[in-house]
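Mind looking over this structure? Questions follow.
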Number of protein chains: 2
Amino acid sequence: MSGKMSDKISDETKPHGGAGDEKILAPAAEGGARKYHHGALREALLERAVVILGEQGIEKLSLRGLARDLGVSHAAPARHFANKGELLSAIASEGYQRLTAATTKAAVGVESAVERLRAMGRASVRWAMDNRSFYSAIMNPDVNRYADPGLTASLQAYIATVAEAFAEAQHEGWQPRSRLQALQIFGFAATIGASVIFSDPLHRKLFGNLDDEKLIEEIIDLVIPVE
Amino acid sequence: MSGKMSDKISDETKPHGGAGDEKILAPAAEGGARKYHHGALREALLERAVVILGEQGIEKLSLRGLARDLGVSHAAPARHFANKGELLSAIASEGYQRLTAATTKAAVGVESAVERLRAMGRASVRWAMDNRSFYSAIMNPDVNRYADPGLTASLQAYIATVAEAFAEAQHEGWQPRSRLQALQIFGFAATIGASVIFSDPLHRKLFGNLDDEKLIEEIIDLVIPVE
DNA sequence: CCCCAATGTTGACACTGACAACATTATCTA
DNA sequence: TAGATAATGTTGTCAGTGTCAACATTGGGG
């Protein structure tokens with residue numbers, strides 16, 4: 001992704017061939033493949049942005065930088081994302097969709113509603129740890145402040161998925177004396193907080209040695225006690 | 001804070017008077033006071049930055065913008081903060097110091113360690129809600145990624161304060177069967193999560209009507225049950 | 001093949017951060 | 001009190017970024 005590599009890719013822009021919606025350019029004679037397929041820039045931008053996010057953080061992310069990395073003109077990304085804010089909303093939205101999918105998958109085949117809840121909690125924290133780039137976008141206050149409708153909808157869907165699981169657990173008799181809304185907010189709070197602590201390098205550093213698997217299970221026990 | 005206002009303030013730069021370390025310039029003849037005292041720019045920058053943070057978010061914050069707002073030359077802020085990252089670290093560090101102070105204050109005069117813990121939890125969440133600008137800096141993944149030693153120390157101090165409170169509570173017999181580290185991580189997780197949910201506008205919106213006082217108390221009951 | 005929409009390019013401009021040289025203010029010491 | 005030095009603020013310049021508009025290329029449909 002050096003500037004030198006970008007120069008090579010620019011030369012590949014000229015020869016246009018192929019047909020159908022699979023616009024794959026032939027590898028350049030000098031070796032190296034084009035960084036994206038014409039018409040698939042949006043996906044390439046998202047993908048590259050997530051990498052930059054993980055390596056350097058949000059402030060260092062720029063549309064021009066992405067354009068350079070992918071060998072397109074500096075204003076091309078603006079065809080897909082009006083501005084950086086829209087790009088970040090898309091990343092966070094994608095993140096929530098993946099988080100929701102991971103959470104939902106964890107509950108599949110689990111009979112008891114309480115055990116489903118526990119499995120979902122585990123999956124959420126583990127997902128945040130394994131997808132720090134996405135999670136850093138999801139937890140960015142500015143991204144939330146300027147969230148577009150797609151991001152709002154994705155977060156709403158995630159909330160609904162988990163909230164429903166809490167309702168089912170209480171319906172099965174779990175924590176009958178607590179108000180459902182309180183249980184739900186509590187569960188979300190613990191999940192968000194644990195995800196931050198276990199995924200953010202600074203927090204991890206300051207909390208000292210964290211035996212992830214053991215601690216996460218202990219916390220699940222505290223949040224969702226099984227009598 | 002318009003450019004026009006900046007022009008007026010620039011005119012006030014010329015007459016230097018007064019003595020001692022209280023360098024207050026006389027109000028301009030046309031009205032309006034200078035935005036900062038010479039030598040007190042650092043404080044003025046921090047103060048103004050927190051306002052911008054709250055009104056527009058981090059991305060919109062710029063050193064040049066602050067310089068303009070305060071009527072100083074564009075590069076003056078760099079005398080106090082090498083870059084934006086340093087400014088944000090300072091804000092987050094100040095935030096943690098205030099959060100720690102609020103948390104500590106809430107525990108004063110409370111006899112029982114468990115009640116102290118509950119009071120501290122309440123104070124933390126309430127503080128985040130009342131200081132959204134600071135909390136948005138504190139919770140910004142980039143700010144944490146590029147935290148300077150001052151910020152790291154402030155976060156460490158906050159963690160130590162609360163962790164100690166958990167240790168005292170368990171020492172008094174609270175939750176004897178749980179491992180202390182798990183209780184502490186759990187408590188921090190719940191606090192961080194609740195603070196995010198109750199302070200972030202997007203989260204508040206999607207979680208629907210939140211009866212703050214009641215819910216916070218219910219969550220405290222779930223995190224720190226009193227038998 | 002032609003038309004039009006989608007997508008990508010180019011050039012220009014305003015804004016931001018960074019840097020260096022210079023200017024002003026504040027502090028300290030003899 | 002004067003002089004030296006440090007701290008602080010100013011000015012100008014340059015590179016990088018976002019934004020905009022006009023233009024060019026690619027893709028899809030009739």
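What you are looking at is a predicted structure, and each value in this text was computed from that prediction instead of being measured. Chain A is the first sequence line, chain B the second, and so forth, proteins listed ahead of strands; every chain is numbered from 1.
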Which one, D:dG9, D:dG18, C:dT7, comes nearest to the side chain of B:Ser73?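 Looking only at side-chain atoms, B:Ser73 lies closest to D:dG9.
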Within this structure, what is the CG-to-C1' distance between A:Leu66 and D:dG18, rounded to whole angstrom?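 Taking atom C1' of D:dG18 as the reference, CG of A:Leu66 is at 13 Å.
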Hey, which of these two, A:Ser62 or A:Arg79, hits DNA chain D nearer its 5' end, going by closest nucleotide?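 The residue mapped nearer the 5' terminus is A:Ser62.
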Are more than 12 heavy atoms from other residues, nucleotides or ligands located less than 6.0 Å from atom CD of B:Glu47?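 No.
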In this structure, how many angstroms lie between the P atom of D:dT10 and the CG atom of B:Leu63, rounded?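 For the pair B:Leu63 CG and D:dT10 P, the rounded distance is 14 Å.
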In whole angstroms, how far is the P atom of C:dA18 from the CD atom of B:Glu86?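 Going from CD in B:Glu86 over to P in C:dA18 covers 10 Å.
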Do B:His74 side-chain and D:dG12 base share a donor-acceptor contact under 3.5 Å?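 Such a pair is found, so the answer is yes.
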Which listed nucleotide (D:dG18, D:dC20, C:dC19) is nearest to the side chain of B:Ala75?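 Selected nucleotide: C:dC19.
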Salt bridge or not for B:Asp212 and B:Arg204, using N-O below 4.0 Å?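 Between B:Arg204 and B:Asp212 there is a salt bridge, with a charged N closer than 4.0 Å to a carboxylate O.
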Measure distances between side-chain N and O atoms of A:Arg64 and base N and O atoms of D:dG16, and say whether any donor-acceptor pair falls under 3.5 Å.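 It does not, because no donor-acceptor pair links the side chain of A:Arg64 to the base of D:dG16 below 3.5 Å.
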Give a yes/no on whether any side-chain N or O of B:Arg68 is located under 4.0 angstrom from OP1 or OP2 of C:dT16.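 For B:Arg68, the contact criterion (side-chain N or O under 4.0 Å from OP1 or OP2 of C:dT16) is met.
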To the nearest Å, how far apart are B:Leu61 CG and C:dC15 C1'?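 The distance from CG of B:Leu61 to C1' of C:dC15 comes to 14 Å, rounded to the nearest Å.
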Using whole Å, report how far NZ of A:Lys60 lies from C1' of C:dT16.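 The answer, rounded to whole Å, is 15 Å.
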Regarding B:Arg126 and B:Asp130, does a basic nitrogen lie under 4.0 Å from an acidic carboxylate oxygen?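 Salt bridge: yes.
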Touch class at under 4.0 angstrom, heavy-atom based, for B:Ala78 against every strand present: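 Nothing, no nucleic acid heavy atom in range.
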State the OG1-CH2 distance between B:Thr100 and B:Trp127, to the nearest 0.5 angstrom.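 B:Thr100 OG1 to B:Trp127 CH2: 8.5 Å, rounded to 0.5 Å.
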Take atom CG of A:Leu70 and atom P of C:dG8, then tell me their distance rounded to the nearest Å.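 So the two atoms are 10 Å apart, to the nearest Å.
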Any side-chain donor-acceptor pair under 3.5 Å between B:Ser93 and B:Gln97?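 Yes, side-chain donor-acceptor contact under 3.5 Å.
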For A:Phe81 and D:dT19, what is the distance between atoms CZ and P respectively, to the nearest whole Å?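 Spelled out: CZ on A:Phe81 to P on D:dT19 is 14 Å.
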Could you tell me the separation between the CD atom of A:Glu43 and the P atom of C:dG8, rounded to a whole number of Å?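 Going from A:Glu43 (CD) to C:dG8 (P), I get 12 Å.
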